[in-house]
Amino acid sequence: MDAELKLVGEYGLRNKRELWRVQMVLSKIRNAARTLLTLDEKDPKRIFEGQALMRRMYKYGLLNETQDKLDYVLALQPNDFLERRLQTVVFKQGLSKSIHHARVLIRQKHIR
């Protein structure tokens, strides 16, 4: 509970539901990776779906091209997703005074 509140405050989330949504997406991705890892390495399903999952992780910016194994997907944390949010990127680049100010700027459509 305290860890959730800390993440909500650190990343300027509106409520815990936003954090829970990120955790749900992460759990689904990790579950898919876990089931693919149980299959044989030469299984066509593992090869096809594993490559699709890794492409999605590259597209989201969570992994880079050098991290090409499904094991890296299991190591992802909610922080990795929260770092990719526009609100966090705006604050880290110094375009806003605080993480909450970044949210206001985005909400008021000063930043898209």
Side-chain angles (χ1 to χ4, degrees):
M1 301 274 283
D2 292 334
E4 286 180 346
L5 276 177
K6 186 176 179 181
L7 282 175
V8 167
E10 182 181 346
Y11 290 101
L13 304 177
R14 190 178 72 202
N15 51 28
K16 284 187 180 181
R17 187 174 298 143
E18 290 184 355
L19 178 63
W20 296 339
R21 190 178 317 132
V22 168
Q23 289 173 340
M24 174 71 81
V25 169
L26 179 62
S27 70
K28 286 182 179 181
I29 291 171
R30 292 180 71 197
N31 189 25
R34 203 175 303 116
T35 56
L36 289 174
L37 282 171
T38 60
L39 300 175
D40 184 37
E41 287 189 27
K42 300 197 186 310
D43 188 359
K45 180 178 179 179
R46 177 177 172 166
I47 293 170
F48 182 73
E49 291 184 12
Q51 289 174 350
L53 181 64
M54 294 306 291
R55 271 195 310 273
R56 197 169 355 140
M57 295 300 102
Y58 301 148
K59 188 178 85 172
Y60 290 163
L62 297 170
L63 298 175
N64 55 26
E65 300 291 332
T66 61
Q67 299 170 323
D68 59 349
K69 294 185 179 178
L70 286 173
D71 297 332
Y72 292 111
V73 175
L74 296 178
L76 291 175
Q77 297 293 323
N79 296 352
D80 299 326
F81 277 88
L82 294 173
E83 287 289 329
R84 300 295 304 154
R85 296 177 76 230
L86 179 61
Q87 177 181 352
T88 308
V89 172
V90 167
F91 174 65
K92 298 270 178 161
Q93 288 184 351
L95 298 174
S96 65
K97 297 176 185 174
S98 69
I99 194 83
H100 304 290
H101 184 230
R103 185 179 191 93
V104 169
L105 290 175
I106 294 167
R107 181 81 175 119
Q108 293 176 350
K109 304 224 167 64
H110 296 293
I111 297 173
R112 292 185 187 187

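Note that the numbering runs from 1 along the sequence shown for the chain.
Connectivity analysis of hydrophobic side chains (ILVMFWY, heavy atoms under 4.5 Å, direct or indirect) links Val89 to nothing; its cluster partners are none.
Distance check: Leu37 CG to Arg30 CZ gives 11.5 Å after rounding to the nearest 0.5 Å. A distance of 11.5 Å separates OG1 in Thr88 from CD in Gln93, rounded to the nearest 0.5 Å. For the atom pair Leu53 CG and Arg46 CZ, the distance stands at 11.5 Å (nearest 0.5 Å). To the nearest 0.5 Å, atom CG of residue Leu39 and atom CD of residue Glu49 are 8.0 Å apart. Of the inter-residue distances, the one linking Leu26 atom CG with Leu74 atom CG reads 9.5 Å to the nearest 0.5 angstrom.
Asn31 is listed as a side-chain neighbour of Thr35, based on a closest heavy-atom distance under 4.5 Å. The shortest side-chain heavy-atom distance between Glu10 and Leu82 does not fall under the 4.5 Å cut-off. Using a 4.5 Å heavy-atom cutoff, the side chains of Leu95 and Leu105 are not in contact.
Under the side-chain hydrogen bond (donor to acceptor under 3.5 Å, both in side chains) criterion, Gln51 pairs with no residue, sequence neighbours left out. Shown here are the side-chain contact (heavy atoms from CB on, under 4.5 Å) partners of Phe91, two or more places apart in sequence or in another chain: Ser96, Ile99, Ala102.
Looking at every heavy atom in both residues, Val73 comes nearest to Ala33 through CG1-CB, 3.8 Å. The shortest heavy-atom contact between Tyr11 and Glu83 is OH-OE2, 2.8 Å.
Using a 4.5 Å cut-off between side-chain heavy atoms of Ile, Leu, Val, Met, Phe, Trp and Tyr, with links allowed through other members, Val90 and Leu13 fall into different hydrophobic clusters. Leu7 is not connected to Leu86 by any chain of hydrophobic side-chain contacts under 4.5 Å among Ile, Leu, Val, Met, Phe, Trp and Tyr, and they are in different clusters.
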For residues 16-24, which side-chain N or O atoms pair as donor and acceptor with protein atoms under 3.5 Å away, sequence neighbours left out?
{"from": "Glu18", "atom 1": "OE1", "to": "Arg14", "atom 2": "N", "distance (Å)": "3.1"}
{"from": "Glu18", "atom 1": "OE2", "to": "Arg103", "atom 2": "NH2", "distance (Å)": "2.8"}
{"from": "Trp20", "atom 1": "NE1", "to": "Glu4", "atom 2": "OE2", "distance (Å)": "3.3"}

Contacts under 3.5 angstrom, residues 58-66 side chains, donor-acceptor by atom type, not counting sequence neighbours:
{"from": "Tyr58", "atom 1": "OH", "to": "Gln67", "atom 2": "O", "distance (Å)": "3.4"}
{"from": "Asn64", "atom 1": "OD1", "to": "Thr66", "atom 2": "N", "distance (Å)": "3.4"}
{"from": "Asn64", "atom 1": "OD1", "to": "Thr66", "atom 2": "OG1", "distance (Å)": "2.7"}
{"from": "Asn64", "atom 1": "OD1", "to": "Gln67", "atom 2": "N", "distance (Å)": "3.3"}

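Every pair tested for side chain to side chain donor-acceptor pair (under 3.5 Å) that includes a residue from residues 68-82 fails, sequence neighbours excluded, so the list is empty.
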